[in-house]
Amino acid sequence: MHTKKLKIIPLGGLGEFGMNCLAMRWEDDIIVIDAGLMFPESELLGVDIVVPDISYLIENKEHVRAIILTHAHMDHIGGLPWILNEIKVPVYATEFTLAYVEDNLEENQLLDETELVEIMPREKFTIGPFTIEPIRVTHSLVDAVSLAIETPVGIVIHTGDFKIDLSPLDDRPFDLHTFAEYGKRGVLALLQDSTNVERRGYTPSERAVIPRLDEVFSQTKKKLFFSCFSSSIYRIRIALDLARQHSRKVAIIGRSMMESTEIAQDLGYIEIPQGLVINPGQVRDYPPEQVMVLISGTQGEPMSALSRAAVDNHKHAHIDAGDTVVLSSRIIPGNEKSIFRVIDHLYRRDANVIYDDGSNGLIHVSGHGSQEEMRLLISLVRPKFFIPIHGNYGHLRRHAQIALETGAVEHAIVIEDGDVLELDKNDARKKDKVTAGRILIDSGSSIDVVEDLVIRDRRILSEDGIVLALLAINKRTGKLQQQPEVVMRGFGGADITDEARELVIKTLDGLSKEEKSDYGMVKEKVRVELKRLIQKTTGRRPMIMPVIMEI
Ligand SMILES: [Zn+2]
Ligand SMILES: [Zn+2]
């Protein structure tokens with residue numbers, strides 16, 4: 001006899017970091033948890049973002065009932081515009097997450113046509129055969145939830161991202177009680193965040209950075225530039241509090257930082273006293289020791305405010321000798337090169353640079369739980385089946401091992417993107433596979449990441465061609481050693497090679513000496529300019545690869 005099964009189908013984030021997306025299906029009803037993106041590795045030149053292949057959802061369009069989001073990080077919500085372009089379904093999320101989603105959808109002209117539903121911790125809602133309870137968890141940003149999903153074969157808990165911060169800055173505690181209650185009732189499956197599976201012990205509270213940062217504020221005699229992820233609301237709140245205590249006015253620079261602080265202020269997560277914040281243009285009106293600049297760009301993104309300030313190319317952010325720059329964030333693997341390039345520029349300006357290298361004290365803490373927190377949650381929930389999520393294959397395997405060692409789970413099952421896991425009350429097994437993979441998207445701009453969704457899969461890549469711009473730069477003078485070479489392949493029509501070469505020369509002429517020494521920035525500027533020209537004259541969007549040869 002055919003018995004009905006619950007299907008768990010990860011489409012992103014299992015086997016890699018980022019673009020988290022997971023489908024859950026019962027008969028003809030599908031819900032989707034998270035819709036994330038991934039920022040491309042530097043090898044994927046000309047590509048702005050990476051999103052999961054959602055062929056499975058498109059093929060089953062008429063069955064998809066909703067997308068439910070756990071929190072507002074881009075690796076959980078950034079793929080939304082792309083998915084909503086293909087399938088029109090309501091989006092469920094908490095208040096803060098929805099505020100981010102609204103911004104994101106508005107930029108993509110999807111806001112008006114999308115139904116947004118606000119959810120609250122401890123308030124159950126029902127979608128088809130699923131009854132879902134959001135459970136409050138703590139993370140590096142606010143208003144994050146896990147989801148307890150009642151299905152016809154049992155309860156499935158999806159943790160989203162979490163750490164167990166026992167002294168959260170917003171006094172909204174991790175709801176351990178509810179996890180324990182579910183544990184008592186009996187949980188069929190626990191899907192748990194694996195991000196920090198390699199770290200022993202506990203992840204410190206968001207508060208743990210305060211003492212060292214306070215010290216930095218005390219020791220800084222000139223301007224203080226403070227940079228963190230714009231979504232790290234707690235960190236921003238700490239920086240604002242310290243600025244006030246140390247009698248510094250605050251200028252907020254960088255689009256994402258401004259948007260974030262505005263949302264957080266609107267929703268009551270940060271309080272900005274009258275007179276604390278000044279316009280970026282007013283920085284020069286104050287003595288340096290009375291200013292803090294909150295600035296975006298911790299990962300050395302070539303066009304970010306901090307990267308530009310580092311080469312003295314920002315209208316309002318001028319970094320002078322003796323200023324201090326704090327990078328209160330981690331160095332995301334893959335970004336080392338661009339980050340250290342920015343750090344070098346900052347040192348050349350004779351700034352003091354404080355970043356998370358282990359020797360500068362605790363200026364950053366992770367938003368993800370370490371091993372003991374993972375064990376704790378598993379022990380509370382005591383699921384029959386444990387399924388690690390969010391991580392490389394190796395992380396998932398280790399997490400499964402840790403879960404088994406607690407003695408609190410019966411089985412640990414490692415699945416990857418595209419696997420279909422079928423569950424009933426007693427059994428869980430991998431069945432077939434569905435299409436899964438990465439889709440590369442080129443937005444046409446490095447700043448507005450998802451402004452215009454163009455699919456960059458291989459097929460289109462081969463149709464739209466490729467452009468190489470070869471620049472021979474004299475290391476000593478920073479000047480072009482010879483005429484740049486522009487090679488275009490894969491698209492016929494008008495020959496614009498000469499025009500393109502002229503444009504490259506013009507672009508380089510427009511750069512300051514310092515900008516020229518930053519090859520990341522040179523490449524980015526050349527890429528953006530060429531893209532504009534080619535799109536305008538040919539309507540094509542080829543992959544553009546500037547290559548610099550140092551002579
Ligand atoms: Zn997160
Ligand atoms: Zn995440």
Side-chain angles (χ1 to χ4, degrees), residues 72 95-96 99-100 102-103 140-143 167-172 206-207 209-298 304-306 308-310 312 314-329 346 349 351-354 363-364:
E95 185 186 37
F96 180 84
Y100 265 59
E102 277 172 28
D103 272 7
S140 51
L141 57 46
V142 299
D143 222 4
S167 42
L169 273 154
D170 57 6
D171 300 326
R172 298 183 191 206
E206 287 292 313
R207 283 182 202 268
V209 298
I210 297 175
R212 175 60 185 139
L213 289 178
D214 188 37
E215 227 171 73
V216 172
F217 270 77
S218 305
Q219 289 160 354
T220 300
K221 300 281 174 277
K222 295 259 176 89
K223 290 198 292 300
L224 198 151
F225 290 80
F226 188 94
S227 192
C228 62
F229 291 116
S230 57
S231 59
S232 300
I233 304 304
Y234 297 120
R235 203 64 52 79
I236 292 174
R237 178 173 156 159
I238 289 169
L240 290 171
D241 284 348
L242 286 171
R244 189 179 43 79
Q245 287 159 24
H246 291 266
S247 312
R248 285 177 184 266
K249 298 283 180 195
V250 178
I252 304 171
I253 294 184
R255 203 189 68 161
S256 59
M257 199 56 101
M258 283 161 67
E259 283 175 359
S260 259
T261 35
E262 207 180 292
I263 292 174
Q265 198 184 1
D266 282 352
L267 301 183
Y269 288 98
I270 51 179
E271 251 175 78
I272 302 183
Q274 274 284 317
L276 180 70
V277 172
I278 56 173
N279 291 324
Q282 291 174 286
V283 168
R284 68 170 90 90
D285 301 339
Y286 289 86
E289 69 277 12
Q290 287 174 23
V291 176
M292 175 185 93
V293 178
L294 193 58
I295 189 164
S296 46
T298 57
S304 69
L306 185 62
R308 284 185 285 147
D312 202 23
H314 196 284
K315 211 160 118 205
H316 301 301
H318 297 287
I319 297 170
D320 300 305
D323 287 351
T324 294
V325 182
V326 180
L327 300 177
S328 180
S329 61
L346 293 171
R349 317 212 75 77
N352 307 312
V353 190
I354 296 176
I363 56 160
H364 172 68

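Note: hydrogens, waters and symmetry copies are ignored here, and every other heavy atom, side chains too, is used.
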Donor-acceptor pair, side chain of Lys249 and main chain of Gly275, under 3.5 angstrom: yes
Restricting to pairs with a member in residues 227-239, which pass salt bridge (charged side-chain N to carboxylate O under 4.0 Å, His left out), not counting sequence neighbours? Glu206-Arg235
Between atom CD of Glu262 and atom CD1 of Ile270, what is the distance when rounded to the nearest 0.5 Å? 10.0 Å
Quick one: CG on Leu169 to CG on Asp241, what's the gap to the nearest 0.5 Å? 8.0 Å
CZ of Arg244 to CD1 of Ile272: how many Å apart, nearest 0.5 Å? 11.5 Å
Qualifying ring pair (Phe, Tyr, Trp, His ring centres under 6.0 Å) pairs with a residue from residues 239-288, counting only residues at least two apart or across chains: Phe96-Tyr269, Phe217-His246
About how many Å separate CG of Leu267 and CG of Asp143, when rounded to the nearest 0.5 Å? 8.0 Å
Pairwise distance CD1(Ile278) to CE(Met292) - rounded to 0.5 angstrom: 10.5 Å
Qualifying salt bridge (charged side-chain N to carboxylate O under 4.0 Å, His left out) pairs with a residue from residues 271-285, counting only residues at least two apart or across chains: none
Just one of Lys222, Lys221, Arg349 clears the side-chain contact (heavy atoms from CB on, under 4.5 Å) bar with Asp323, so which one? Lys222
Among Leu242, Leu240, Ile236, which residue satisfies the side-chain contact (heavy atoms from CB on, under 4.5 Å) criterion with Ile238? Leu242
Just to verify, which of Leu327, Val209, Ile354 counts as forming a side-chain contact (heavy atoms from CB on, under 4.5 Å) with Ile363? Ile354
Ile253 side, atom CD1; Leu306 side, atom CG - distance, nearest 0.5 Å: 10.5 Å
